[in-house]
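Convention: sequence-line order gives letters A, B, ...; per-chain numbering from 1.
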Amino acid sequence: MGRAGGMSARLLRWYDAYARVLPWRERPGQMPGQIPGANRADPYRVWLSEVMLQQTTVAAVIPYFERFTQRWPTVAALAAADEGEVMAAWAGLGYYARARNLVACAKAVAGRPGDGAGVFPDSEAGLRALPGLGAYTAAAVAAIAFGQRAVVVDANVERVVARLFAIATPLPAGKAEIRAATDTLTPDLRAGDFAQGMMDLGATVCTTRAPACLLCPLAKDCAAHAQGDETAYPVKARKAPKPERRGRAFWITRGGEGQQEVWLVRRPARGMLGGMLALPDDGWSAKGDGGSVRGDGVAPLPGPWHVAGAVAHVFTHFSLRLELAVYSPVDSPVDLGADWDSLPGDAEAGGGRWWPLARLAEAGLPTLYAKAARLVWPQ
DNA sequence: AAGCCGTGGGG
DNA sequence: TCCCCAAGGCT
């Protein structure tokens, strides 16, 4: 057995002993010398978990995974689900294009011709062609659910491998080099357990800030450890500072005590918070861009309003300070309900709708709007 | 191909 | 407080 073989064997033994117990995962190492795919797990659950885990922590995913699998136990059930309900169930998890792709992928799988209906493709290439599955997810599902040998590289593997081989090429340029090195380590058998083991190692031992090399089964093979500077790898460029944006959302209600409703809009499928229900807003103009207002606008609305407060929210590439303007308080003489046509809402996205305040939690607002709503409507 | 796309937790 | 980052994909 070569050096790479020794490393993967050590990693698999470590995984057999210390694998995290996760809802979508089968227990490893039940059968020494097992055949390929001996640990294969339900492809639907593997796929769903992998999509949820894209750029998202395990702790954040677990409750969503439990709710989704309870409500939609099979890919066929998910394919038949109302898309709005899926989006609402995804609310709070972020990167909402994943939810739209999730539905599209479920429909594609459920609609596969012949005996394949409702069955995921079992090859990496077949999986890669499905919406929402990129290089990582296709490889992960092929390996974990179908026992295929696939080279699985996520941010954990990138970090572990960059350290093992002291790869100094900065990311993302270094990705090719890292993938090639991962390929040499990946075993023909148990590629899925190997991938999960590498990810567990990265998540629990070979961590970004303070790697626990004393606990690492690969420490004696690790070039960065030999150099005494594990955290020097992988090399990454510094991120650009986030610009600040400001915006104003509108809290428009109607109805009497106990029967109040709030005006919600469906955001366009593309762009920020695409496809999600939201409070109408003015488009979050960037500071200093002339105050250009895109989106819903508020000019046509009659009646007095006041600013109830503001929330701060940080997105991937900008931060936002969102004011909440409250229209038509309960005692207002203005009946906005009679002014339906003038209410804001993107027609192509389905316009807007009055939503009972008592059931606001079920609307599935993205965190930004949930925070804003909390200013005037306690949970 | 570089920018867009959420959120919450940890140091 | 602020910065970094997490089982990335799409355009």
| message | Which residue in the set Trp72(A), Trp24(A), Trp90(A) passes ring-ring contact (aromatic ring centres under 6.0 Å, His included) when paired with Phe65(A)? | response | Trp24(A)
| message | For a quick check of understanding: with a heavy-atom distance under 4.0 Å over all strands, which category does Gly271(A) fall into, base, sugar-phosphate or nothing? | response | sugar-phosphate
| field | Smallest separation among heavy atoms of Val153(A) and Tyr136(A), with atom names | value | O-CD1, 3.6 Å
| message | Please compare Gly94(A) and Arg209(A) by the position of their nearest nucleotide in DNA chain B and report the one closer to 5'. | response | Gly94(A)
| message | Measuring only between side-chain heavy atoms, which start at C-beta, is Arg254(A) closer than 4.5 Å to Trp354(A)? | response | yes
| said: At 4.0 Å (heavy atoms only), tell me whether Leu48(A) reaches a base, stays on the sugar-phosphate, or touches nothing. | reply: nothing
| request: Rounded to whole angstrom, note down the P distance from dG9(C) over to dG8(B). | output: 22 Å
| said: Between C1' on dG6(B) and CG on Leu322(A), what's the gap in Å once rounded to a whole number? | reply: 15 Å
| For dT7(B), does OP1 or OP2 lie under 4.0 Å from any side-chain N or O of Tyr96(A)? | yes
| note | Taken to the nearest whole Å, CD/Gln55(A) to P/dC4(B) is 16 Å
| message | Can you measure Asp200(A) atom CG to dA6(C) atom C1' for me and round it to whole angstrom units? | response | 14 Å
| Would you say dG6(B) has OP1 or OP2 under 4.0 Å from some side-chain N or O of His313(A)? | no
| Between CZ on residue Arg190(A) and OG on residue Ser8(A), distance to nearest 0.5 Å | 10.5 Å
| said: Using a strict threshold of under 4.0 Å (side-chain N to carboxylate O), is an ion pair present between Asp282(A) and Arg246(A)? | reply: no
| task | Would you classify Trp24(A) as touching base, sugar-phosphate or nothing, given that sugar-phosphate means primed atoms plus P, OP1 and OP2, and contacts are heavy atoms under 4.0 Å? | result | base
| request: To the nearest Å, give me how far apart CG (Asp154(A)) and C1' (dG9(C)) are. | output: 14 Å
| field | Leu365(A) CG - dG6(B) P separation (whole Å) | value | 14 Å
| query | Taking the same atom, C1', in dC5(B) and in dA6(C), what whole-Å distance lies between them? | reply | 14 Å
| request: Taking Watson-Crick and G-U wobble pairs with both distances under 3.5 Å, convert DNA chain B into its dot-bracket string, 5' to 3', dots for unpaired and | for cross-strand pairs. | output: .||||.|||||
| Between the base of dG6(B) and the side chain of Thr56(A), is there a donor-acceptor distance below 3.5 Å? | yes
| query | When Val109(A) is tested against each of Val119(A), Leu130(A), Leu127(A) for side chain to side chain contact (heavy atoms under 4.5 Å, CB included), which residue passes? | reply | Leu130(A)
| Reckon Arg270(A) has a side-chain N or O less than 4.0 Å from the OP1 or OP2 of dC10(C)? | no
| said: So Ala60(A), base contact, sugar-phosphate only, or nothing? Heavy-atom distance under 4.0 Å. | reply: nothing
| remark: Comparing nearest nucleotides in DNA chain C, the 5'-proximal residue of the pair Gly132(A), Lys236(A) is Lys236(A)
| message | Check this for me: does the side-chain of Thr137(A) come within 3.5 Å of the base of dG8(C) through a donor and an acceptor? | response | no
| query | Touch check for Arg100(A), heavy atoms < 4.0 angstrom, all strands: base, sugar-phosphate only, or nothing? | reply | nothing
| Quick one: is Gln54(A) getting a side-chain N or O under 4.0 Å of the dG8(C) phosphate, OP1 or OP2? | no
| field | Check: Phe318(A) ring centroid to Phe315(A) ring centroid under 6.0 Å | value | yes
| Should Thr367(A) be listed as having a side-chain N or O under 4.0 Å from OP1 or OP2 of dT7(B)? | yes
| query | Taking the P atom of each, how far is dG11(B) from dA7(C), in whole Å? | reply | 15 Å
| Pick from Arg159(A), Arg163(A), His225(A): which one makes a side-chain hydrogen bond (donor to acceptor under 3.5 Å, both in side chains) with Glu230(A)? | His225(A)
| Interatomic distance where CG belongs to Leu273(A) and C1' belongs to dT7(B) [whole Å] | 11 Å
| message | Output the rounded distance in Å from CG (Leu102(A)) to C1' (dG9(C)). | response | 13 Å
| request: Quick one: label Val314(A) by what it contacts on the DNA or RNA (base, sugar-phosphate, nothing), any heavy atom closer than 4.0 Å. | output: base
| query | How is Ala135(A) classified with respect to the nucleic acid when contacts are heavy atoms under 4.0 Å: base, sugar-phosphate, or nothing? | reply | sugar-phosphate
| task | Kindly say if His317(A) contacts the phosphate of dC5(B), meaning a side-chain N or O under 4.0 Å from OP1 or OP2. | result | yes
| said: Please classify the nucleic acid contact of Pro366(A) as base, sugar-phosphate, or nothing, using heavy-atom distances under 4.0 Å. | reply: sugar-phosphate
| Taking the nucleotide of DNA chain C with the closest heavy atom to each, which residue, Leu133(A) or Lys239(A), is nearer the 5' end? | Lys239(A)
| message | How many whole angstroms separate atom CH2 of Trp47(A) from atom P of dG9(C)? | response | 14 Å
| Hey, does the side chain of Thr57(A) come within less than 4.0 Å of dA7(C)'s phosphate (OP1/OP2), counting only N and O? | no
| Heavy atoms from other residues, nucleotides or ligands near CG of Asp82(A) exceed 12 (cutoff 6.0 Å) | yes
| Think Arg159(A) has a side-chain N or O under 4.0 angstrom from the OP1 or OP2 of dA6(C)? | yes
| field | Lys/Arg-Asp/Glu bridge criterion (N-O < 4.0 Å) met for Glu83(A), Arg100(A) | value | yes
